[in-house]
Amino acid sequence: MASFKTWMMATVGWVSAVGVAVVAGGCVQGSLATSTGPRPVGNRWSAAKAQKVHVGETVEFDFVLHDGMNHFVSPGGVADYCVATIGETRTEAIADPTGHFNFSHTFKGVAAGDVVEVRVDAFRQRGGKDYVQIGGQWLATQTFSQDPDARVAGDSVRLTAYQSVVDFRLPRPADDFDPETGVLRLRRPDGETKSVYLNRPMRRGFILEGPEPAGYYRITYEPLGD
């Protein structure tokens with residue numbers, strides 16, 4: 001992972017966060033970065049406030065604390081955990097040994113043009129945690145005798161979903177195609193290939209239309225982010 005200093009230096013113009021805690025005489029702020037947005041060449045993280053995400057893409061998020069001078073602030077003794085709200089999804093994360101809060105999310109339930117707000121807030125625990133996850137659901141545990149966990153800092157990013165499309169035509173041969181034997185092979189930039197077959201009710205594949213009057217078949221496919 002790129003160090004905090006590396007991506008903060010590359011994205012210092014993008015950082016804009018609100019902090020509410022005071023540590024060592026300065027306000028603590030938060031900065032959220034993703035693996036999907038625009039960034040300098042060779043840099044892993046983007047802190048742009050408006051970004052795009054491909055339908056089905058798994059995005060990694062990195063959240064850190066810093067002071068008003070963009071100096072890294074260790075979460076030890078300051079924040080115990082962070083809460084990420086991605087649309088209607090709630091996720092919690094604790095800091096890794098380097099002081100970064102990391103989590104990921106796969107954007108499968110979105111369509112092209114959808115806008116998803118991602119909000120991350122760091123909290124200092126006071127007594128028992130405000131929420132616990134039971135059976136896949138987050139349930140409030142706060143009582144009247146317990147102080148709510150204190151919000152330390154936060155940041156957000158807006159992601160707009162987009163969809164790439166494979167769309168091309170094939171001339172109809174004298175010995176016509178058998179659609180059931182058709183295979184569409186996609187190659188990633190890293191050389192890995194993926195085979196896609198004809199679309200079926202229980203199988204997401206390519207669509208074959210035609211032949212057209214001019215003697216062509218049309219093949220279309222909407223790949224997911226992976």
Asks: Roughly how far apart are Asp155 CG and Gln29 CD, rounded to 0.5 Å?
Replies: 9.5 Å
Asks: Which atom names give the shortest non-hydrogen contact between Cys82 and Phe63, and what distance separates them?
Replies: CB-CD2, 4.5 Å
Asks: For the pair Arg203 (side chain) and Leu198 (backbone), establish whether a donor and an acceptor sit closer than 3.5 Å, ignoring hydrogens and angles.
Replies: yes
Asks: Quick check: closest heavy atoms across Phe101 and Ile94, and the distance to 0.1 Å?
Replies: CD2-C, 3.5 Å
Asks: When you measure from the side chain of Lys49 to the backbone of Ser156, do you find a donor-acceptor pair of N or O atoms at a distance under 3.5 Å?
Replies: yes
Asks: To the nearest 0.5 Å, tell me how far Arg151 CZ sits from Asp121 CG.
Replies: 4.5 Å
Asks: So for atom OH, which belongs to Tyr221, do other residues, nucleotides or ligands contribute more than 12 heavy atoms lying within a distance under 6.0 Å?
Replies: yes
Asks: Show the numbers, then the answer: is there a side-chain hydrogen bond (donor to acceptor under 3.5 Å, both in side chains) between Ser31 and His66?
Replies: CA-CA 8 Å; Ser31 288; His66 61 91; 2.8 Å; yes
Asks: How close do Val152 and Ala79 get, heavy atom to heavy atom, and via which atoms?
Replies: CG2-CB, 4.2 Å
Asks: Looking at CG of Leu65 and NE2 of His71, how far apart are the two atoms once the value is rounded to the nearest 0.5 Å?
Replies: 15.0 Å
Asks: Would you give the length of the straight line joining atom OG of Ser46 to atom CG of Leu32, rounded to the nearest 0.5 angstrom?
Replies: 9.5 Å
Asks: Could you pull out all residues at least two apart from Thr220 that satisfy side chain to side chain donor-acceptor pair (under 3.5 Å)?
Replies: none
Asks: Which pairs count as ring-ring contact (aromatic ring centres under 6.0 Å, His included) when at least one residue sits in residues 161-181, sequence neighbours excluded?
Replies: His54-Tyr162, Phe177-Tyr217
Asks: Is a side-chain donor or acceptor of Asp149 paired with a backbone partner of Arg126 at a separation under 3.5 angstrom?
Replies: yes
Asks: Main chain of Pro223, side chain of Gln163: is a donor-acceptor contact present, judged purely on distance under 3.5 Å?
Replies: yes
Asks: Could you report the tightest heavy-atom contact between Tyr81 and Val83, atom names first, then the distance?
Replies: CE1-CG2, 3.6 Å
Asks: Please identify each residue that fulfils side chain to side chain donor-acceptor pair (under 3.5 Å) with Glu222, with sequence neighbours left out.
Replies: none
Asks: Look only at the side chain of Arg39 and the backbone of Arg44, and say whether a donor-acceptor pair between them is shorter than 3.5 Å.
Replies: yes
Asks: Could you tell me which residues satisfy side-chain contact (heavy atoms from CB on, under 4.5 Å) with Glu192, sequence neighbours excluded, listed by chain and number?
Replies: Arg188, Asp190
Asks: Does Arg187, at its CZ atom, have more than 12 non-hydrogen atoms belonging to other residues, nucleotides or ligands within less than 6.0 Å?
Replies: no
Asks: Roughly how far apart are Asp167 CG and Arg218 CZ, rounded to 0.5 Å?
Replies: 4.0 Å
Asks: Under 4.5 Å between any side-chain heavy atoms of Asp114 and Phe107, yes or no?
Replies: no
Asks: Kindly give the heavy-atom pair with the smallest separation between Glu57 and Thr36, and that separation in Å.
Replies: OE2-OG1, 3.0 Å
Asks: Quick one: side-chain contact (heavy atoms from CB on, under 4.5 Å) partners of Val41, sequence neighbours excluded?
Replies: none
Asks: Between Tyr197 and Leu224, is there a shared hydrophobic cluster once you connect ILVMFWY residues whose side-chain heavy atoms come closer than 4.5 Å?
Replies: no
Asks: I'd like to check the salt bridge (Lys or Arg N to Asp or Glu O under 4.0 Å) partners of Arg169; sequence neighbours left out, ordered by chain and number.
Replies: Glu212
Asks: How many angstroms lie between atom CD1 of Ile86 and atom CZ of Phe61, to the nearest 0.5 angstrom?
Replies: 4.5 Å
Asks: Determine yes or no for a side-chain-to-main-chain donor-acceptor pair under 3.5 angstrom, with Thr106 supplying the side chain and Lys108 the backbone.
Replies: no
Asks: Checking the side chain of Asp80 only, and the main-chain atoms of Gln125 only, is there a donor and an acceptor separated by less than 3.5 Å?
Replies: yes
Asks: Taking atom CZ of Arg204 as the centre, report whether more than 12 heavy atoms of other residues, nucleotides or ligands fall under 6.0 Å from it.
Replies: yes
Asks: Flag yes if Tyr216 and Ile219 sit in one hydrophobic cluster, no otherwise; membership is Ile, Leu, Val, Met, Phe, Trp, Tyr, and two members link when side-chain heavy atoms are under 4.5 Å apart.
Replies: no
Asks: Answer with yes or no whether the hydrophobic clustering places Val115 together with Leu159; edges join I, L, V, M, F, W, Y residues whose side-chain heavy atoms lie under 4.5 Å apart.
Replies: no
Asks: Kindly give the heavy-atom pair with the smallest separation between Val55 and Ala161, and that separation in Å.
Replies: CG2-CB, 4.4 Å
Asks: Under the side-chain contact (heavy atoms from CB on, under 4.5 Å) test against Thr34, which residue among Asp62, Val53, Val157 passes?
Replies: Val157
